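Here the structure is a predicted model, which is why all the values come from computation and not from measurement.
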Amino acid sequence: SLAESHSRLGKEIEDNDLLERACKFYSKAMDLKPHAPALTYDYATALLKWGEMSREPKIIEESIAHFEEAFHMQKDAILQRPEWLFNYAIALDLLGDCSDKENCYTKALEIFHHILLLDPNFPKIHYHIALTLSHLAEVDMEIGYFEKALSFFQLAIKQDDEDEKAFLDWGLTHIFLGSQTENQEIAQIHFFEAEKRILRSGQLGHPHAYYHLACLYSLTHRINEAVSLLQKAYELDVLPKTDELLQDEWLENVRNSEIFSEFMTAIENKQKLREE
């Protein structure tokens, strides 16, 4: 019960410390009841959320190991518990994203497609297939994966036309495609589509839309608009750390501007005042 309450609250408010404590309580609970598939699954999902927030491959690997242990203990889970498979596949995709292990993506896709056969209306299934395909495409640079990802994002929106995360990741896939092509005409088409998707994500309430739209405007040389959006992201406390801002390739055009230097100086001054 302690583990479950910490896990629920930790997931709700996205608190790493609460999730870490939840995992410690789950570990103690499993010492008392080591052969409980449902308990093992709950532990795996808590580890998954903790790994998602911390981006620590070891935590995600531990989550995957507990998912597999739960399947080993409950043989019919593959047919009777599609949500177990679903979260297991999400963990595999996340591990691939944090460690560039391509086989994690392909295994995740196999599982997602299995779930799709079991239940074509399973919530978020098209979105996660699209997301995993886009991750695989970024590693392989295979245009076919990108095209499939865009098709599944479209299906995801048909399944839920107010999915702010789907709209955002759909837009990001278009940005990636536009930034990789040498054909400026095709690049502009992708950037136009990206803007529509990310704007819609922002309208639906996704706070990170401001930052990613700033990246898009940097790529399309709309410098003043880009910095204005970075300012909004800062005000919402969703701006990445300074190191990330200075390394993000999509912000290269903005970083070369005087207005960006002024923006960074203002942030640094505010930070010093807070520390004082």
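With hydrogens and angles disregarded, a donor-acceptor distance shorter than 3.5 Å links the side chain of S218 to the backbone of V254. Of the possible polar contacts, none joining the D119 side chain to the I115 backbone as a donor-acceptor pair under 3.5 Å is found. For the pair R255 (side chain) and L245 (backbone), a donor-acceptor distance under 3.5 Å is present. Proximity of a side-chain donor or acceptor of T265 to a complementary backbone N or O of S261 within less than 3.5 Å is detected. A donor-acceptor distance shorter than 3.5 angstrom exists from the side chain of S151 to the backbone of E147, with no hydrogens or angles considered.
Annotation: side chain to side chain donor-acceptor pair (under 3.5 Å) contacts involving residues 177-190, sequence neighbours excluded, comprise H174-H190. Pairs passing the side chain to side chain donor-acceptor pair (under 3.5 Å) check and including a residue from residues 200-211, sequence neighbours excluded, read R200-Q203, Y211-D248.
For the atom pair OH (Y127) and OG1 (T132), the distance works out to 9.0 Å, reported to the nearest 0.5 Å. One finds the CD atom of E68 at 9.5 Å from the OG atom of S63 (value rounded to the nearest 0.5 Å). Annotation: the span from F86 atom CZ to I90 atom CD1 amounts to 4.0 Å, rounded to 0.5 Å. A distance of 4.5 Å separates CG in L92 from CD1 in I64, rounded to the nearest 0.5 Å. Rounded to the nearest 0.5 angstrom, H114 NE2 and L116 CG are separated by 11.0 Å.
A166 approaches A156 most closely through the heavy-atom pair CB-CB, 4.5 Å. Nearest heavy atoms, L18 versus I13: CD1-CD1, 3.7 Å. Across all their heavy atoms, L204 and E164 have their closest contact at O-OE1, 3.0 Å. The minimum heavy-atom distance linking P120 with I125 is given by the pair O-CG2, 4.3 Å. Nearest heavy atoms, F191 versus L219: CE2-CD1, 4.1 Å. For the pair L168 and A209, the tightest heavy-atom approach, listed with the atom from each and the gap, is CD1-CA, 4.1 Å.
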Intermediate values then yes/no, side-chain contact (heavy atoms from CB on, under 4.5 Å), F260 and I223: CA-CA 9 Å; F260 179 79; I223 306 302; over 6 Å; no
side-chain contact (heavy atoms from CB on, under 4.5 Å) between L48 and Y88, intermediate numbers included: CA-CA 9 Å; L48 171 57; Y88 175 48; over 6 Å; no
Intermediate values then yes/no, side-chain contact (heavy atoms from CB on, under 4.5 Å), F112 and F122: CA-CA 10 Å; F112 283 135; F122 192 90; over 6 Å; no
Working for side-chain contact (heavy atoms from CB on, under 4.5 Å), residues I129 and K148: CA-CA 9 Å; I129 291 174; K148 286 180 182 177; over 6 Å; no
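In this structure, I198 and I175 have side chains that are in contact, with non-hydrogen atoms separated by less than 4.5 Å.
Below 30°, between 30° and 60°, or above 60°: for F152 and H113 the angle between ring planes is above 60°, a perpendicular geometry.
Both L246 and V227 sit in one connected hydrophobic cluster of ILVMFWY residues. Membership requires side-chain heavy atoms under 4.5 Å apart, directly or through other members. Cluster annotation: L172 is not connected to I189 through the hydrophobic network of ILVMFWY side chains, with a link wherever side-chain heavy atoms come within less than 4.5 Å.
More than 12 heavy atoms of other residues, nucleotides or ligands sit less than 6.0 Å from atom CD of E83.
When only modelled atom types and interatomic distance are considered, H128 and D93 share no side-chain donor-acceptor pair under 3.5 Å.
Listed by chain and number, the hydrophobic cluster partners of W50 are L19, Y26, M30, L39, Y43, L47, M53, I59, where partners are ILVMFWY side chains within reach of under 4.5 Å, directly or through others.
For D163, the side chain to side chain donor-acceptor pair (under 3.5 Å) partners at least two apart in sequence or on another chain are K124. Shown here are the side-chain contact (heavy atoms from CB on, under 4.5 Å) partners of K196, two or more places apart in sequence or in another chain: F192, E193. By the side chain to side chain donor-acceptor pair (under 3.5 Å) test, K232 is found to be paired with no residue, residues two or more places apart in sequence or in another chain being considered.
Screening E4, H6, E12 for a side chain to side chain donor-acceptor pair (under 3.5 Å) with R8, the sole residue that qualifies is E4.
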